[in-house]
Structure formats: C-alpha cells, structure tokens
Number of protein chains: 2
Amino acid sequence: MPQSFSKPAPASVAIALNAVLAAVENESPKVLCVKSEDGRLGLPYGPFNPALHRTFEIGLRDWVEQQAHVSLGYIEQLYTFGDKGREAPAAALKGGAADDRVVSVGYLALAPEAARVNAEEAGWRDWYEFFPWEDWRNGPPAILEDEILPALGKWTSARDESARRARVGLAFGLEDAGWEEERALDRYELMYEAGLVVEAARDRGARGSPLTAKTGESMISDHRRILATAIGRLRGKLKYRPIIFELMPPLFTLLALQRTVEAIVGFRLHKQNFRRSVAQSGLVVRTKGSAVQETGGRPAALFRVNREALKDRAAKGLAIPRMKRASDSGGPAAAKQG
Amino acid sequence: MPQSFSKPAPASVAIALNAVLAAVENESPKVLCVKSEDGRLGLPYGPFNPALHRTFEIGLRDWVEQQAHVSLGYIEQLYTFGDKGREAPAAALKGGAADDRVVSVGYLALAPEAARVNAEEAGWRDWYEFFPWEDWRNGPPAILEDEILPALGKWTSARDESARRARVGLAFGLEDAGWEEERALDRYELMYEAGLVVEAARDRGARGSPLTAKTGESMISDHRRILATAIGRLRGKLKYRPIIFELMPPLFTLLALQRTVEAIVGFRLHKQNFRRSVAQSGLVVRTKGSAVQETGGRPAALFRVNREALKDRAAKGLAIPRMKRASDSGGPAAAKQG
DNA sequence: CCTATATATGCTCAAAATGAGCATTAAGGA
DNA sequence: TCCTTAATGCTCATTTTGAGCATATATAGG
C-alpha cells in the first residue's frame with residue numbers, strides 16, 4: 001500500500017526553477033547569466049511557489065522576466081536534481097533549517113537572438129567559458145590533453161581502477177566510439193567527482209586546486225551542472241528534432257545555419273554534405289533575397305524555415321555530417337589553423 | 001538579482017517519487033502496479049523525505065522495496081510534473097492545506113524478468129491495458145479508427161480547429177511522418193485534454209463519458225501520465241542506446257530479443273534485417289547452447305550480451321527495421337491474422 | 001577590363017546502410 | 001519419408017553517407 005503523505009515531512013523541500021536560456025551570436029553559443037551580489041555567476045532562477053504559479057513553466061517565465069527582462073519562447077524541461085550537498089551556496093539563501101533541501105528543476109530555453117539586457121544584472125556568456133573542453137571547432141582543446149586527461153588518469157589509478165577507467169574512456173571518447181558531444185554532463189560530473197572543478201572543492205568546503213582554476217568558470221549552486229545538462233540535451237536533440245531553427249532569425253544563409261549547428265555541437269561540419277541534407281530535408285525554403293559576405297565571395301541565398309514541414313513532418317532534425325580531416329569546409333579559424 | 005528563498009513559501013510543496021518498473025514477459029510488456037485500499041491501480045510511489053534520503057534514487061528504491069518487495073536495477077529519471085489539478089486523488093492523502101501541491105518525479109526502471117510479488121499488494125499488468133491504442137503488433141488497433149479518432153475529430157472541430165488538427169495529426173500519425181511510436185505521451189495528453197480518458201473527467205470532478213470506459217484502464221493521480229512518459233522514453237531510447245538488454249535474461253535467442261523489442265515499440269520487425277543489425281552491432285555473442293521451439297522448428301542459437309561492447313562502444317542501440325507488409329517475419333498472432 | 005581571392009553551389013563516385021524477400025537447414029510429428 | 005515450423009544464410013536494388021572536384025559569382029586591386 002502506498003505510504004500516505006499525511007505525516008508531515010520532517011524537513012521541508014524547496015523547489016528552485018532554473019533556466020538555461022541559449023542563443024547563438026557571432027558563431028558562438030551564449031547563455032544568459034545573472035550576477036549575484038558578490039558578482040558570482042548563475043542562471044536565472046527562483047523558487048517555485050505553487051500558490052502563485054499553476055505550472056513550473058509559468059513560474060519559470062516569471063522569474064526570468066523579473067531577473068533578466070527577457071521573455072521566453074521555446075522551453076523544455078531538462079532534469080530535476082535532488083541530491084544532497086550539491087546546492088551548497090543556495091543554503092545561505094534559505095531561511096529554513098539546515099537540513100532543508102533545495103531541489104533544482106532545470107529548463108532549457110532557446111532564443112533566435114541574444115536579447116538586450118541590463119548589464120548590471122544579467123549578461124550573455126559564451127558557454128564554452130564554462131566548458132572549455134567542449135569546444136572542438138578548432139581541433140582538440142589543448143586543456144584536455146594537457147590538463148584534464150592527465151588529472152583524470154591520476155584519479156583513475158587512485159581507486160576502482162577499472163571501473164573508473166571505463167567511465168573516463170566512455171565520457172571522453174577514448175574508446176572506439178570516439179568523442180560523443182552529447183555526453184557533456186557525463187564529463188562534467190566525472191570532473192566534479194575527480195575534484196577538477198571549483199564547485200567540487202567548494203561543496204566539500206575546500207579551496208580549489210591549481211587545476212580547477214583552468215577548468216572553466218564556475219557558477220553558483222549546481223548551475224554549471226544544469227548548464228552541462230542543457231548542452232548535452234541540445235546536442236542530442238538536434239539530431240532528431242528540428243529545434244535548431246528556434247535559434248535562427250527569420251532569414252538566414254545556409255552557412256549561418258551551419259555555423260549555428262557547429263556552435264552547439266562543438267565541431268565543424270562538412271559543408272557540401274550539410275547543405276545537401278538540409279536541402280533534402282525540406283525544412284527550409286529558398287527566398288529571393290541574398291546576402292553578401294563581408295569578406296567578399298559569391299553572395300549566399302537567404303532561406304527561411306518551412307513552417308509546414310516543421311509541423312507536418314515531425315521532421316527528423318538535420319543530419320550532422322562531421323568533418324574528419326580539414327578541407328575547404330573548415331571554419332574561418334580552422335582554415336587559418338591548418 | 002535572483003530572488004532569495006528566505007521568504008517562506010506561502011504554500012508547501014511535497015515531492016512524490018514514482019516508479020515505472022517495466023519487464024517483458026510472454027512477449028508482453030509489463031509494469032508493476034500497486035493497489036490502493038479501494039482497489040484502484042497506481043505505480044509504486046512515496047514522498048521524498050530529504051532527511052531520510054540523500055538522493056531521489058535512494059528514496060525511490062526504498063519505496064519500491066517497501067511496497068512491492070522488489071529491488072531495482074537500472075533506473076533513469078523521466079520527468080517532473082508540477083501542474084496544478086493533475087494530482088487530484090493524491091490530495092486526499094495529504095495532511096496539509098488545500099493548496100498544497102504534489103510534484104511528481106517519475107522514474108523508469110527496467111528488470112530482466114517480472115519478479116514474484118505478493119498479489120495482495122502488487123501485481124504486474126500489461127501496459128497496453130492502460131494504452132490499448134499503442135499496440136500495433138497485430139495491425140492498427142481497432143479502437144483508434146472506431147472510437148478515438150472520431151472523438152478527437154469532434155474535439156478538433158469544437159474550437160481552434162487548425163491548431164488542434166495539427167496536434168492530432170502529429171501525435172496520431174495522420175501526417176506523412178506516420179505513426180511515431182515514441183509519441184505515447186503526446187497522445188495521452190491529447191486524449192486527456194479532449195476528455196477521452198477517465199482521469200480527465202475525474203480531475204474536473206465529473207463522471208466519465210461512455211467512451212472513457214473503453215480507452216484503457218485508469219490509474220490514480222497522474223500515474224497513467226507517468227506511465228505514458230515511460231513508454232515514450234523507452235521507445236525512443238531503444239534506438240540510440242542498448243538498454244533493451246536490461247530487459248533480457250542472461251541467455252536468449254534472437255527471436256526472444258526481437259519479441260522484446262516488439263513488445264516495447266508496439267509493432268512488428270523484419271526478422272532477417274533485425275538479426276543482421278544485431279549481428280553487426282557486436283552487442284551480442286553466440287554461445288554454444290541452443291533452444292528448441294515448443295512448436296517444433298530448427299533450434300535457435302542462444303546468445304548473451306557482449307558486456308565489453310556495451311561498455312566500450314557506448315553503442316548505438318539496435319536498428320528497428322519496421323515491417324511494412326506482412327510476411328514470414330510477422331509475429332505468431334500476426335501470421336494467423338493475415 | 002583583367003587577375004587574384006573568397007565563397008556559394010553543383011555534381012560525381014564509391015562505400016555503407018537499408019528494405020524486401022528467396023533459399024536452405026534442422027528439428028519434431030504424422 | 002514427407003510435412004510443418006522456425007532459424008539462418010544470402011542476394012539485390014535502393015538510399016543514405018562521406019569525400020572532394022569543378023563552377024559560378026562576388027569583392028579588391030592593378
């Protein structure tokens with residue numbers, strides 16, 4: 001028989017609603033951050049108050065609007081985190097007893113452009129500032145080889161050797177599956193466990209090691225974890241739902257679309273094959289207009305989303321034809337890199 | 001600036017942990033249900049008590065163990081539901097004020113076999129008893145054409161014609177994308193909105209219409225919604241992660257594997273192509289043993305999971321080569337049906 | 001106007017993955 | 001031995017990918 005809820009819980013639970021609002025600007029993926037009094041970064045968030053809000057989504061929209069004066073379009077629930085000890089700094093904000101728990105419900109929101117915000121209270125940050133190892137657009141991130149993998153190697157041999165080795169290999173693509181971009185959360189969690197990020201030290205009441213200074217910017221509470229969840233979810237979902245268009249303006253070139261996908265997934269695509277798959281998908285319609293490149297070159301045709309196709313076809317999302325070697329399809333930076 | 005949590009929330013929030021424990025037996029997908037005092041069905045669940053449980057998962061395992069004497073293996077979080085008005089019957093269980101909200105965190109758990117349980121308190125039910133329209137293994141479910149689609153048609157023309165038509169078409173595969181098995185939740189939610197399931201009437205304090213009697217068994221609270229979420233998630237995930245093996249015993253024939261997949265996705269697969277994809281995936285290893293069919297026929301080889309591949313390759317899951325027309329690959333029933 | 005440079009776009013070709021279905025093999029039963 | 005029932009093996013035509021060459025159309029500088 002299900003236990004009833006009539007016994008009042010000995011300790012109370014507060015629910016925090018957290019938003020990862022993402023947009024791509026200048027070929028870089030941005031996330032909206034708010035600053036706390038002491039200048040630390042976090043996601044827009046606030047408590048869920050059932051008396052005020054009929055649903056989580058309504059509450060979330062309210063908070064984001066209040067804190068960043070931005071109204072949300074597409075949103076999707078990510079995950080609910082309830083483990084003890086990962087919400088340390090939030091504890092200070094609560095009025096309740098020490099054993100009160102804050103449960104974080106994370107949401108992903110997408111916007112076609114980075115809305116203007118008051119820089120005092122909020123700002124858009126490139127999400128790779130928080131996860132430098134996730135950006136492979138210009139080749140394997142140096143910090144991986146140089147710092148992270150060696151540190152994880154040490155952690156691996158410290159205990160549970162084989163189990164840890166398997167986890168690291170899977171998350172960081174050392175096995176034959178290679179780097180799987182959507183495992184962003186696995187990677188962050190592993191680094192947290194191994195004590196390679198500031199939050200890990202903080203939650204244990206310790207100071208970060210020299211390495212943690214290099215492993216990206218930290219966030220308050222468990223917000224970086226939520227951001228990692230968002231990145232992984234978005235990367236995975238691109239492959240089977242056409243949500244990339246939530247990040248595009250009404251008119252765009254195919255290269256802009258490609259750069260947006262690249263910004264999200266963190267690696268370069270094969271240009272011609274990408275266009276082929278986009279064309280075949282029917283998700284996009286050519287318009288009469290065209291756009292000229294600042295750097296010269298043939299003007300690109302402007303496209304718009306095919307709303308019909310989006311609705312009708314429950315379409316499959318775009319193919320993500322990964323680049324192997326470098327070639328003309330490489331990005332601007334990649335080309336110069338060689 | 002993020003609003004602080006220091007103001008006590010005007011109304012309290014309770015968190016319910018709910019488990020969808022699934023197993024496949026006799027080629028039918030089963031879910032573990034518990035009976036409330038009045039005999040109504042529900043999922044194993046209980047309140048999350050932060051003082052007792054460090055994580056949701058620990059709490060969940062405790063509840064399931066207490067209520068059904070089953071210990072969980074593989075588990076995964078599904079979704080957190082917090083909307084008002086969907087947890088009606090649970091309100092009676094709570095001791096708090098009328099405006100207290102119960103937030104449901106749903107989990108999916110998989111087991112290789114349906115554990116023996118005390119029939120007094122719990123039991124395994126075929127999940128298609130709750131969702132008869134989701135089982136296409138023997139062709140399109142009669143209830144769809146006969147009852148559901150006509151009723152949805154009425155609902156569609158009642159208001160917001162075009163928007164509703166689009167939603168119905170998408171969810172029920174009337175557009176060119178066809179039936180997408182993983183949209184189980186969309187379908188249930190649509191039926192709830194249209195008042196075609198008992199829960200919808202119940203939450204509005206009404207009696208169900210004659211139709212709701214035919215649209216599957218109902219569950220307490222929002223449990224049928226959680227089950228729909230689980231079905232959709234599992235169906236989707238099969239395609240990109242090899243979790244199907246969480247439902248298999250240590251040794252199995254390829255046909256058994258196929259029948260298990262079919263039980264989950266709700267339609268028949270092309271036998272030869274299914275085996276080809278399984279063989280190529282390397283997820284499975286042939287053993288020396290073999291199993292004879294009760295009905296006669298060549299004995300099938302017995303396989304076991306290739307644990308190495310599961311770990312190493314972060315493998316892609318199995319291909320789901322859908323059957324179009326009937327042929328020798330059809331199921332036992334399908335064959336007889338013609 | 002002509003040339004070098006920078007992109008956008010078209011197209012080709014081979015390899016791999018899919019979708020269908022025929023043919024053969026190995027048991028049990030009449 | 002012949003028939004029925006499955007398990008397995010294989011073939012063939014399409015599609016879908018992965019790579020990369022070839023053209024077309026701008027801009028910038030002589």
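Values in this document were obtained by computation on a predicted structure and should not be read as measured data. Letters A, B, ... are given to chains in the order of the sequence lines, protein chains preceding strands, and every chain is numbered from 1.
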query = Is B/L255 touching bases, backbone alone, or none of the nucleic acid, heavy atoms closer than 4.0 Å?
reply = sugar-phosphate

How many Å lie between [atom1] on [X] and [atom2] on [N], as a whole number?
X      : N      : atom1 : atom2 : value
B/L269 : D/dA7  : CG    : C1'   : 16 Å
A/L302 : C/dA8  : CG    : P     : 12 Å
B/Q280 : D/dC10 : CD    : P     : 14 Å
B/R268 : C/dG19 : CZ    : P     : 18 Å
B/R322 : C/dG21 : CZ    : P     : 16 Å
B/H270 : D/dT14 : NE2   : P     : 16 Å
A/Q258 : C/dA8  : CD    : P     : 9 Å
B/Q272 : D/dA7  : CD    : C1'   : 10 Å

message = Is there, by distance only and without an angle test, a donor paired with an acceptor across the side chain of B/R276 and the base of C/dG19 below 3.5 Å?
response = yes

query = Which of these, B/E134, B/E182, B/E181, B/E180, sits in a side-chain hydrogen bond (donor to acceptor under 3.5 Å, both in side chains) with B/R235?
reply = B/E134

query = Rounded to the nearest 0.5 Å, how far apart are NZ of A/K30 and CH2 of A/W127?
reply = 12.0 Å

query = When you match A/T253 and B/I320 each to their closest nucleotide on DNA chain C, which lands nearer the 5' end?
reply = A/T253

query = DNA chain C: A/A300 or B/N273, which has the more 5' nearest nucleotide?
reply = A/A300

task = Find which nucleotide of DNA chain D each of A/S277 and B/F303 is nearest to by heavy atoms, and output the residue with the more 5' nucleotide.
result = B/F303

query = Toward the 5' end of DNA chain D, which comes first, A/G297 or B/R298, by nearest nucleotide?
reply = B/R298

Below 4.0 Å: OP1/OP2 of C/dA8 and any side-chain N or O of A/R275 = no

ask   = Going by the angle between their ring planes, with limits at 30° and 60°, are B/W136 and B/W179 parallel, tilted or perpendicular?
value = tilted

key: Main-chain N/O of A/L318 paired to A/S281 side chain as donor or acceptor, under 3.5 Å   = no

ask   = Nearest to the side chain of B/A301, which nucleotide is it out of C/dC13, D/dT8, C/dT7?
value = D/dT8

request  = Output yes when B/E262 and B/R137 qualify as a salt bridge under the 4.0 Å nitrogen-oxygen rule, no when they do not.
outcome  = no

